[in-house]
Every structure is written in C-alpha cells, then in structure tokens.
K.L.:
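I'd like to ask some things about the structure below.
Both counts, for ligands and for their atoms, begin at 1 and track the order of listing. Only a predicted model underlies this, so the values are computations on that prediction, with no experimental measurement involved.
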Amino acid sequence: MAIERTLSIVKPDAVEGHHVGDIIKILEARQFRIVAARLIQLTKREAQGFYQVHRSKPFFESLTEFMSSGPALVMVLEGDNAIARLREVMGATDPAKAAPGTIRNLFATGIEHNAIHGSDAPETAAYEIGYFFSGVELT
Ligand code: CDP
Ligand code: MG
C-alpha cells in the first residue's frame with residue numbers, strides 16, 4: 001500500500017459540538033498521522049473556493065454559509081491508502097446511510113452538518129492540501 005496524504009476538516013458543527021477530541025482519537029486509532037493542523041474560521045469566499053466543484057449544486061449556498069459559520073479544524077492526514085481509508089472511516093455523506101461506528105454515523109446531525117470532510121481522490125487531495133497549507137507547514 002502506498003503512503004498517501006489527504007485533507008480532512010472537522011467541520012463547524014463538530015467543533016461546536018465538542019467532538020474534536022473524539023474524532024482525532026478515532027483517526028489516530030486507525031493509524032492516521034496528523035502532519036499539519038490549523039483551527040480556522042473560513043470566510044464565505046474561502047468556503048466557496050474550497051467547494052467550487054459544487055458551485056452549481058442546490059446546496060452550495062447553504063453549504064458555504066455553514067462551512068464559514070464557525071471555527072473548523074483543517075488537517076493533513078498521512079497513512080497507508082489514506083485517501084480511500086479516510087472516506088471509509090468518515091462514512092457516507094448522508095449520516096442516515098453511514099455505517100455504524102463511522103465518524104458521520106457517530107457525530108453528524110444531517111446530510112449538510114456531517115461533521116467531517118475528506119478528499120475524494122489523489123488530485124483533489126493535492127489541490128485541497130495546497131488550498132490550506134504550504135510545503136513548509138507539512139511536518
Ligand atoms: O463530503 P462528501 O464528499 O461526502 O460529499 P459531497 O457530495 O462532496 O458534498 C460536499 C458536502 O456538501 C457534504 O459533505 C455535505 O456537507 C454537503 N451536502 C449537502 O449539504 N447536501 C447534499 N445533498 C450533498 C452534500
Ligand atoms: Mg466530496
């Protein structure tokens with residue numbers, strides 16, 4: 001298995017709900033290594049840039065409002081097959097469909113307020129890591 005890096009965000013709902021520690025505990029138990037992390041409140045514009053792939057979706061306005069509504073923890077995670085494995089640990093976008101024990105199953109409160117982001121492919125991981133972190137910030 002190849003060592004990969006992926007971008008994760010503990011979304012504002014999960015920070016507000018005091019789930020940061022529980023989520024990091026799950027990620028570390030699953031052998032993800034945190035190689036960079038920063039707590040930030042995105043501007044609306046930054047949230048729009050991050051989710052530009054979804055700009056024509058009906059949920060875009062609400063999603064970018066939500067993502068800029070409070071502090072979020074952006075992290076770069078490293079590990080074997082990290083991109084696909086993070087998606088597994090996160091669970092389905094809709095928490096009603098997320099497998100038991102996944103982060104979204106445990107902490108999401110709806111399809112939008114779903115606790116965590118994870119890059120979906122190597123190209124998006126590279127773009128998203130670069131959106132938040134410079135090379136010297138990656139330990
Ligand atoms: O985050 P994920 O890759 O699982 O889902 P996505 O399809 O890339 O959508 C990005 C985010 O938009 C989701 O995580 C939700 O927060 C939100 N979303 C939503 O509010 N309503 C939907 N029908 C789909 C996604
Ligand atoms: Mg996605």
K.L.:
May I ask you to identify the nearest protein heavy atom to atom 22 (C) of ligand 1, giving residue, atom name and distance to one decimal place in Å?
P.N.:
F59 CD2, 3.4 Å

K.L.:
Would you confirm whether E4, through its side chain, and I83, through its main-chain N or O, come within 3.5 Å as a donor-acceptor pair?
P.N.:
yes

K.L.:
Which value, rounded to the nearest 0.5 Å, describes the distance between R5 atom CZ and E128 atom CD?
P.N.:
15.5 Å

K.L.:
Given S62 and E65, is the side-chain hydrogen bond (donor to acceptor under 3.5 Å, both in side chains) satisfied, shown in steps?
P.N.:
CA-CA 5 Å; S62 170; E65 269 299 314; over 6 Å; no

K.L.:
Quick one: does I111 get a heavy atom under 4.0 Å from ligand 1?
P.N.:
yes

K.L.:
Applying a heavy-atom cut-off of 4.0 Å, say which part of H113 lies close to ligand 1: side chain, backbone, both or neither.
P.N.:
neither

K.L.:
For ligand 1, which atoms sit closer than 4.0 Å to a heavy atom of N114?
P.N.:
13 (C), 14 (O), 15 (C), 16 (O)

K.L.:
Please check if atom NZ in K25 has more than 12 non-hydrogen atoms from other residues, nucleotides or ligands closer than 6.0 Å.
P.N.:
no

K.L.:
With backbone taken as N, CA, C and O and side chain as the heavy atoms from C-beta onward, which portion of R104 lies under 4.0 Å from ligand 1: side chain, backbone, both, or neither?
P.N.:
side chain

K.L.:
Ligand 1 versus K11, non-hydrogen atoms closer than 4.0 Å: side chain, backbone, both, neither?
P.N.:
side chain

K.L.:
Do other residues, nucleotides or ligands put more than 12 heavy atoms under 6.0 Å from the CD atom of E16?
P.N.:
no

K.L.:
I'd like to check which ligand 1 atoms, numbered from 1 as shown, lie under 4.0 Å from a non-hydrogen atom of R87.
P.N.:
2 (P), 3 (O), 4 (O)

K.L.:
Compute the shortest N/O to N/O distance between T93 and ligand 1 and return yes if it is under 3.5 Å, no if not.
P.N.:
yes

